[in-house]
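Numbered from 1 within each chain, the chains take letters A, B, ... in sequence-line order.
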2 protein chains.
Amino acid sequence: MDRFLDPELFRLLSEPTRVKLLSCLIKCGRPCSVTEIAECCSIDFSVVSRHLASMAKLGVLDASKEGRTVWYEARTSEIADRFRAIADSVDQWKTQSCCGGAGCDCD
Amino acid sequence: MDRFLDPELFRLLSEPTRVKLLSCLIKCGRPCSVTEIAECCSIDFSVVSRHLASMAKLGVLDASKEGRTVWYEARTSEIADRFRAIADSVDQWKTQSCCGGAGCDCD
DNA sequence: TGCATGCTGACGTCATAATGCAAATATATA
DNA sequence: TATATATTTGCATTATGACGTCAGCATGCA
């Protein structure tokens, strides 16, 4: 389970600004440029650039450069699958037990 | 979807210490006291107290006071369900579009 | 009542990271 | 080549939040 409970992924989604950008991209369902999203969400484009890059690095977004424009697109299926994997792994642990009491080694 | 992409929930899971505590509780599958978990994970009990309280506040844990002891238990099914709901809502947005181009109002 | 136990809350410190501006880089176009 | 456009990067500032210590509060027990 700990393999799926990736703090880095959650850290990305814990920032309202990033979630706003991601939400925008998911809803648009098409590749968007940095400038486009920056204007759409009224956020400084340097901030948007950094956030989108970090999300692409973690596989949440797809990035493709075309001339001087970078197109970002939400990897929607990938995101949904990842959350389902988390749900499944959490469920699996329901039946297991890590400690018999005294000698617990959860860490 | 924005209803499910709750930054607060993700913020909780973005902290390795909190994930460690949650993981411990899920694996144990039974109510544990603050002291018990603090010793099990070798973390200062005031830190544990804070983290568990914040997770209970967001519905990730169940808390029940019994005398001077507070028993925390992971709401495993609730957690799994929440992640599935996120996955489903992300999938639903795949077919929709928030903007026709110029007048995009993603925010 | 006095004391031990279990937990919570306040406080100061520290580390991390988000932000906006400006400069730099890369690419397209005149 | 000169200039405009799209994005990235460096930097200083600011904000957020985690941590440990200690004091305080509630509860149980002698």
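B:Tyr72 and B:Ala63 make their closest contact through CE2-CB, 3.5 Å (heavy atoms, listed as atom of the first residue, atom of the second, distance). Here the closest non-hydrogen pair linking B:Glu73 and B:Pro31 is OE1-CG, 3.5 Å.
When the P atom of D:dT9 is taken as reference, atom CG of A:Leu52 falls 13 Å away, rounded to whole Å.
Scanning for side-chain hydrogen bond (donor to acceptor under 3.5 Å, both in side chains) contacts around A:Arg84 gives B:Asp88, B:Asp91, with sequence neighbours left out. Listed by chain and number, the residues in a side-chain hydrogen bond (donor to acceptor under 3.5 Å, both in side chains) with A:Glu39 amount to none (sequence neighbours excluded). Among residues two or more places apart in sequence or in another chain, the side-chain hydrogen bond (donor to acceptor under 3.5 Å, both in side chains) test is passed with A:Asp81 by none.
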May I have the list of side-chain donor-acceptor pairs in residues 43-56 of chain A shorter than 3.5 Å, sequence neighbours left out?
from	atom 1	to	atom 2	distance (Å)
A:Asp44	OD1	A:Ser46	N	2.9
A:Asp44	OD1	A:Ser46	OG	2.7
A:His51	ND1	A:Arg18	NH1	3.3
A:Ser54	OG	A:His51	O	2.7

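Proximity of residues 54-71 of chain B to DNA chain D (heavy atom under 4.0 angstrom from any strand atom) is restricted to B:Gly67, B:Arg68.
Of the possible polar contacts, one joining the A:Ser14 side chain to the A:Arg11 backbone as a donor-acceptor pair under 3.5 Å is found.
Salt-bridge annotation for B:Glu36 and B:Arg30: present, with a side-chain N of the basic residue lying under 4.0 Å from a carboxylate O of the acidic one.
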Item to check | Heavy-atom protein contacts under 4.0 Å, nucleotides 17-23 of chain D, coded B base, S sugar-phosphate only, - none | outcome: SSBBB--
